[in-house]
Participant: 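For reference, the structure I am asking about is given below.
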Amino acid sequence: MRYLLRHASEHRPLLATCLLLALLGSAAGLAQPLAAQAVIDALGRGGALLTPVLLLSLLVIGSAIAQGVDAYLLDRTGEHMVLRIRRELAAHLVRLRMPVLDARSPGDLATRATSDTGLVRHAATTAPVHLVNGAVGIVGALVLMAVLDVRLFLVTVVVLVVVGHRPRSPVPPRATSPGPQSRSGQLE
């Protein structure tokens, strides 16, 4: 965990920027129903549509831009982290003694050098930002729902509570059967 935090801490300002962009994109997305309601109200009154339609358009475009830049910066930061981790791992693998290398299969070492660093990228960049943004988004959606329609909000909360407290059945284990992968060694 310290290793992960060390690599993530080097990119803390950029990750904070990504979080801010994600929150701004979510806020703009949450404000869109209110802006759409203003458009509908203006239509019903026969009032001017320019301001509500312009506001709705700005919210949609702003949300898309904020989320797009956020995704780009998160991916870019993650790739920089993966590059550095893979360089450190390659330097470490080169310095290993032969008995250590002989004890492991080459495929295992190659897997560690490629897929595991990708998981680290996700865990250090994308996951924390999306976790915070998702939590704020859920709270914001519930508040917005309460503002727009209290009955809908109460029904949603009741459903979430009932679904959250229902007893869960254990997941049955997957049936294992010899598939094409295990039979491939038997081909002649």
Side-chain angles (χ1 to χ4, degrees), residues 1-30 60-142 160 163-188:
M1 190 65 170
R2 280 188 210 146
Y3 185 76
L4 180 66
L5 291 175
R6 179 172 58 94
H7 282 284
S9 68
E10 296 170 7
H11 301 283
R12 190 174 295 159
L14 196 53
L15 290 174
T17 302
C18 290
L19 178 60
L20 179 66
L21 286 169
L23 291 173
L24 286 173
S26 291
L30 288 171
V60 170
I61 292 168
S63 176
I65 289 172
Q67 291 175 354
V69 171
D70 168 52
Y72 170 75
L73 290 176
L74 276 177
D75 286 345
R76 186 173 168 261
T77 304
E79 291 303 322
H80 282 286
M81 287 178 59
V82 167
L83 175 64
R84 184 161 181 196
I85 291 169
R86 285 184 178 161
R87 283 181 178 166
E88 289 177 11
L89 185 59
H92 176 74
L93 290 174
V94 168
R95 290 189 305 268
L96 287 177
R97 304 263 183 223
M98 286 308 292
V100 175
L101 291 172
D102 288 339
R104 291 186 170 81
S105 70
D108 182 42
L109 294 174
T111 298
R112 297 277 180 202
T114 55
S115 68
D116 288 358
T117 52
L119 294 173
V120 167
R121 174 179 55 93
H122 177 73
T125 58
T126 308
V129 170
H130 287 181
L131 178 70
V132 172
N133 187 37
V136 171
I138 288 172
V139 171
L142 290 173
L160 288 175
V163 169
H165 283 84
R166 72 177 168 87
R168 291 177 177 82
S169 62
V171 178
R174 284 180 46 185
T176 56
S177 63
Q181 192 71 18
S182 64
R183 290 190 302 258
S184 66
Q186 299 170 355
L187 299 176
E188 295 178 20

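Only this structure's heavy atoms are used, side chains among them; waters, hydrogens and symmetry mates stay out. Residue numbers start at 1 and run along the sequence shown.
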Participant: Quick check for you: to the nearest 0.5 Å, what is the distance between Leu142 atom CG and Leu160 atom CG?
Facilitator: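 Result: 7.0 Å between the selected atoms.
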Participant: To the nearest 0.5 angstrom, please state how far the CD atom of Glu79 sits from the CG atom of Leu74.
Facilitator: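 The CG atom of Leu74 is 11.5 Å from CD of Glu79, to the nearest 0.5 Å.
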Participant: Output the distance between atom CD1 (Ile85) and atom NE2 (His92), rounded to the nearest 0.5 Å.
Facilitator: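 If we round to the nearest 0.5 Å, Ile85:CD1 and His92:NE2 are 14.0 Å apart.
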Participant: For Asp70 and Ala22, which heavy atoms make the closest approach, and how far apart are they?
Facilitator: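 Closest approach of Asp70 to Ala22: OD2-CB, 3.6 Å.
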Participant: When rounded to the nearest 0.5 angstrom, what distance separates CG in Leu131 from OG1 in Thr126?
Facilitator: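 So the gap between those two atoms works out to 12.0 Å.
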Participant: If you take all heavy atoms of Ala28 and Ser63, which pair is closest and at what distance?
Facilitator: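 What the structure gives for the nearest pair is CB-CB, 3.7 Å.
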Participant: Can you tell me how far CG of Leu14 sits from CG of Leu21, rounded to the nearest 0.5 angstrom?
Facilitator: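 Interatomic distance, Leu21 CG to Leu14 CG, rounded to 0.5 Å: 9.5 Å.
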Participant: Working note: His80 + Glu10, criterion side chain to side chain contact (heavy atoms under 4.5 Å, CB included); need CA distance, chi angles, decisive distance, verdict.
Facilitator: CA-CA 11 Å; His80 282 286; Glu10 296 170 7; over 6 Å; no
Participant: Say whether, by atom type as modelled, one donor and one acceptor occur between the side chain of Arg95 and the main chain of Ala91 under 3.5 angstrom.
Facilitator: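 Flag set: sc Arg95 to bb Ala91 pair under 3.5 Å.
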Participant: I need the minimum non-hydrogen distance between Leu23 and Asn133, along with the two atoms involved.
Facilitator: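 Taking every non-hydrogen atom into account, CD2-OD1, 3.6 Å.
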Participant: Show the nearest heavy-atom pair for residues Val129 and Leu15, with the distance to one decimal.
Facilitator: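 Between these two residues, the closest heavy atoms are CG2-O, 4.1 Å.
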Participant: Out of Glu88, Arg87, Met81, which one pairs with Arg84 under the side-chain contact (heavy atoms from CB on, under 4.5 Å) rule?
Facilitator: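 Of Glu88, Arg87, Met81, side-chain contact (heavy atoms from CB on, under 4.5 Å) with Arg84 is met by Glu88 alone.
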